[in-house]
Amino acid sequence: MKTSLLLLSGISILFMLYGCSTLLPSSKDVVRTPWNNYQDVSVAYNKVVPNETTMTQLRKLGFDRYSTPNVKILNYLDIAVATQNIKNEDLGGGLARCLKARSGCVGYQFAPSVMKNERVGNFFLDILNFRRKTKGTGWQFTATFLVIDDIVVDKFWTGNPVILVDHDAKNPLGPFQDASGLVPRLW
């Protein structure tokens, strides 16, 4: 009887400890966009054809300068500063035309992304601040379009199709690690 009760208690504690990891905090940063993943936004970007795609067509692909979140509008000076280290003869056709058009050219930079952070590991070590492990996953895509007279004249992109970040913070003193302000008050 005693052995079975001890065994049952041990199994209960193991299940409780395993289940406690689900109590750890997690977060998710999502820039709301029409695209579900990196592949979707990449496909939409590839449908944009310089010197042919209009702002209306760009909007239909999901790149709407007024309703897509986190759109950065670039003026002539932003574009000129970004290209100051490129020789004039090395500038692409659309980029050169944009710089020549000065205030007649506007850039739009779209930056959809998803980043999920989840705390993993031992619940008690985490909650008592001895060890906090975080696993981050996500993706990020940045598309820049240069527009003259409602026509996309050039486009550029950069991105991270797969973001994986593991963070492991160890605090040997646990809850007292950052207690510098607490210790003098206790004395």
Side-chain angles (χ1 to χ4, degrees), residues 21-22 24-121 126 132-170:
S21 67
T22 60
L24 293 174
S26 64
S27 66
K28 182 177 181 180
D29 297 323
V30 177
V31 175
R32 300 271 180 230
T33 66
W35 310 286
N36 295 319
N37 54 47
Y38 184 92
Q39 181 70 23
D40 289 349
V41 69
S42 180
V43 167
Y45 173 85
N46 288 328
K47 290 181 181 178
V48 177
V49 179
N51 300 313
E52 290 181 22
T53 304
T54 65
M55 288 302 292
T56 302
Q57 293 167 325
L58 198 64
R59 184 175 53 248
K60 288 178 183 175
L61 290 171
F63 299 103
D64 188 339
R65 61 187 165 186
Y66 298 120
S67 67
T68 303
N70 295 344
V71 175
K72 183 176 181 181
I73 299 173
L74 308 170
N75 63 31
Y76 166 75
L77 289 176
D78 295 325
I79 298 164
V81 167
T83 60
Q84 69 184 358
N85 292 330
I86 302 173
K87 295 177 186 176
N88 286 341
E89 58 269 10
D90 293 335
L91 293 175
L95 184 54
R97 284 180 43 217
C98 183
L99 291 172
K100 193 175 256 186
R102 300 179 68 89
S103 62
C105 179
V106 179
Y108 299 100
Q109 191 172 67
F110 297 82
S113 64
V114 172
M115 191 65 192
K116 300 174 190 173
N117 293 304
E118 182 179 355
R119 296 249 281 273
V120 295
D126 186 296
R132 290 195 172 154
K133 296 170 87 174
T134 305
K135 183 178 206 97
T137 59
W139 59 270
Q140 177 270 330
F141 190 97
T142 302
T144 303
F145 302 102
L146 301 179
V147 178
I148 299 174
D149 296 329
D150 210 39
I151 303 286
V152 175
V153 295
D154 217 337
K155 65 179 189 172
F156 309 94
W157 71 275
T158 184
N160 298 329
V162 178
I163 299 172
L164 296 173
V165 179
D166 289 325
H167 181 74
D168 190 356
K170 296 176 185 176

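- Distance alone, capped at 3.5 Å, places no donor-acceptor pair between the Asn70 side chain and the Ala111 backbone.
- Rounded to the nearest 0.5 Å, atoms CG (Asp150) and CD (Gln57) are 9.5 Å apart.
- Ring centroid separation for the pair Phe63 and Phe145 comes in under the 6.0 Å cut-off.
- Of all non-hydrogen atoms in Asn51 and Arg97, the two that sit nearest each other are OD1-NH1, 2.7 Å.
- Annotation for Glu52 and Ile151: closest pair N-CG2, 4.1 Å, computed over non-hydrogen atoms.
- Residues Val153 and Pro50 have side chains not in contact (no heavy-atom distance under 4.5 Å, counting atoms from C-beta outward).
- Under the 4.5 Å side-chain criterion, counting only non-hydrogen atoms from C-beta, Gln109 is not in contact with Val71.
- From Trp35, atom CH2 reaches atom CG of Leu61 across 8.5 Å, with rounding to the nearest 0.5 Å.
- Between the Asp78 side chain and the Asn75 main chain, a donor and an acceptor come within less than 3.5 Å of each other.
- Under the 3.5 Å distance criterion, the side-chain polar atoms of Ser113 are left unmatched by any main-chain donor or acceptor of Phe141.
- Cys105 approaches Ile148 most closely through the heavy-atom pair CB-CG1, 3.9 Å.
- No side-chain heavy atom of Thr144 sits less than 4.5 Å from a side-chain heavy atom of Trp157.
- Aromatic ring orientation, Tyr38 versus Trp139: perpendicular (interplanar angle above 60°, classes split at 30° and 60°).
- In this structure, CZ on Arg59 lies 9.5 Å from OH on Tyr66, to the nearest 0.5 angstrom.
- Contact between Leu146 and Phe156 at its shortest, heavy atoms only, is CD1-CE1, 3.7 Å.
- Using a 4.5 Å cut-off on side-chain heavy atoms (C-beta onward), Met55 and Val147 make contact.
- One finds the NE2 atom of His167 at 10.0 Å from the CZ atom of Arg132 (value rounded to the nearest 0.5 Å).
- A heavy-atom distance below 4.5 Å is not found between the side chains of Asn37 and Val114.
- Distance check, rounded to the nearest 0.5 Å: NZ of Lys135 to CG of Asp168 gives 11.5 Å.
- Contact detail for Leu99 and Tyr76: the closest heavy-atom pair is O-CE1, 3.3 Å.
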Next item on the list: Please test Leu58 against Val48 for side chain to side chain contact (heavy atoms under 4.5 Å, CB included), starting from the C-alpha separation and ending with a verdict.
Entry: CA-CA 7 Å; Leu58 198 64; Val48 177; 3.5 Å; yes
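- With a 4.5 Å cut-off on side-chain heavy atoms, Ile163 and Thr137 do not count as touching.
- Closest approach of Thr53 and Lys47 over heavy atoms only: OG1-O, 4.2 Å.
- Judged by the 6.0 Å distance and 45° axis criteria, Lys155 is positioned over the aromatic ring of Tyr45.
- Put simply, the side chain of Asp154 does not reach to within 4.5 Å of the side chain of Cys98, judged on heavy atoms.
- Shown here is Asp166, whose CG atom has more than 12 heavy atoms of other residues, nucleotides or ligands within 6.0 Å.
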Note to self: Evaluate Ile79 against Val106 for side chain to side chain contact (heavy atoms under 4.5 Å, CB included), listing each step before the verdict.
What the structure shows: CA-CA 9 Å; Ile79 298 164; Val106 179; over 6 Å; no
